Amino acid sequence: MKSIASAPGKIILFGEHFVVYGIKAILATIDKRVTVTSEKTNEPYISIISSLASEKIPTSSDLTEVNKAVKPFFYLATRAIKEYNHHGGINIKIESEIPSGVGLGSSSACCVAAAASIMGLFSKLNKEEILGLAIEAEKTIFKNTSGADCTVCTFGGIIIYDKETGFLNLESKPDLEFVIANSKMTHSTEKVVANVKKFKEKNPAKFSSLCNKVEELIKRVNLEIQRNEHIAIGKSMKENQEYLEIIGVSNEKLQNMISLANKTSFGSKLTGAGGGGCIIALVDKSNSHATIKELESEYHECFKTKIDFVGVQFA
Ligand code: MEV
């Protein structure tokens, strides 16, 4: 029997990095997914096949010895084997439409889809249970995750996330479209988050004042999104980008992409950890074509995306 589950990638509309320090963030899932297929075997191995890595690891191995790229899958599989007393191994296949390491949540979507698929071999978990396991799996590669990315990849749609109190789904389903452009500079979220921590420690007053500004911005933009006010949301994206530049997670290439995108779109910003990765530009029918044209002349991986309202799903 095969157990198949998929989860969407994500973009952070507002509040990345500050969310790690307790400020709310607004995230949305995109129409690109990761699909994980799992199958029980009688051999004592966890076999993982993806475009990034292929590994066959004895079930008796210690997590600390396992290659970082496959740690979350190994963690989930060995946990399932123990919990459900399975005498054998598990084959796991990962197929992804989400480019990895560029801020679009490929790692979180993998953890969510893998938690649903692997555990689904034994028992169908609900979304809360899938999320809990996905966050634990993600922590094997990124200890200080705020949990925001896995949360949105599980529940889908647009969410307001608070590290302490959890999340709220936006009641309305605003018709937001974004152009995403990939700088093709991959980043390690863990390293960029560690650099922001250093910035905060060196500049405590400045960081605290930025947290207040982002908090105000999130309150305002929440209403702008509910009212589908594209011009106001675009302006707020530009403001958020300024704060991200101050904490040092933007760079020349991203800023160049943002200047290009701002010529035609309502507004743009980097999304996710930064230090490379992707930018997002808010568009509608009137300016999406021009924005893609502007960006794709210099940055070839550039596409339009719509918000996914489904989240994790069993096939
Ligand atoms: C990464 O997609 C988002 C960050 O805010 C880190 C986190 O929330 O765990 C940079």
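This structure is a prediction, so every number in the text was calculated from the model and none was measured. Read the numbers this way: they start at 1 and go in the same order the structure lists the ligands and their atoms.
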Can you tell me which portion of [X] lies within the under-4.0 Å heavy-atom range of ligand 1? Options are side chain, backbone, both, or neither.
X	value
Asp149	side chain
Lys10	side chain
Ile12	side chain

| message | Please state which option from Gly272, Ser146, Ser108 has its nearest heavy atom closest to atom 8 (O) of ligand 1. | response |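 Going through Gly272, Ser146, Ser108 one by one, Ser146 has the nearest heavy atom to atom 8 (O) of ligand 1.
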
| request: May I ask you to check if ligand 1 and Asn144 share an N or O to N or O distance below 3.5 Å? | output: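 Such a contact does not occur with ligand 1.
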
| Within 45° of the ring axis of Phe266 and under 6.0 Å from its six-membered ring centre, is that where the NZ or CZ of Lys235 lies? |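 Ring-cation test returns no.
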
| Does the cation-pi check pass for Lys68 over Phe142, that is, NZ or CZ under 6.0 Å from the six-membered ring centre and within 45° of its axis? |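 No.
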
| query | Should the ring pair Phe155 and Phe167 be called parallel, tilted or perpendicular, given that the plane angle runs from 0 to 90° and is split at 30 and 60? | reply |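 Phe155 and Phe167: tilted rings.
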
| query | Is the Tyr243-Phe18 ring centre distance short of 6.0 angstrom? | reply |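 So the answer is no for these two rings.
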
| Check ion pair Lys306-Asp31 (N to O, under 4.0 angstrom) |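 Salt bridge between Lys306 and Asp31, a charged N being under 4.0 Å from a carboxylate O: no.
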
| query | Going by the order shown, which atoms of ligand 1 are within less than 4.0 Å of some heavy atom of Glu16? | reply |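 It comes down to these atoms of ligand 1: 5 (O).
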
| said: If the cut-off is 4.0 Å to any non-hydrogen atom of Val19, which atoms of ligand 1 fall inside it? | reply: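 Result: 5 (O), 8 (O).
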
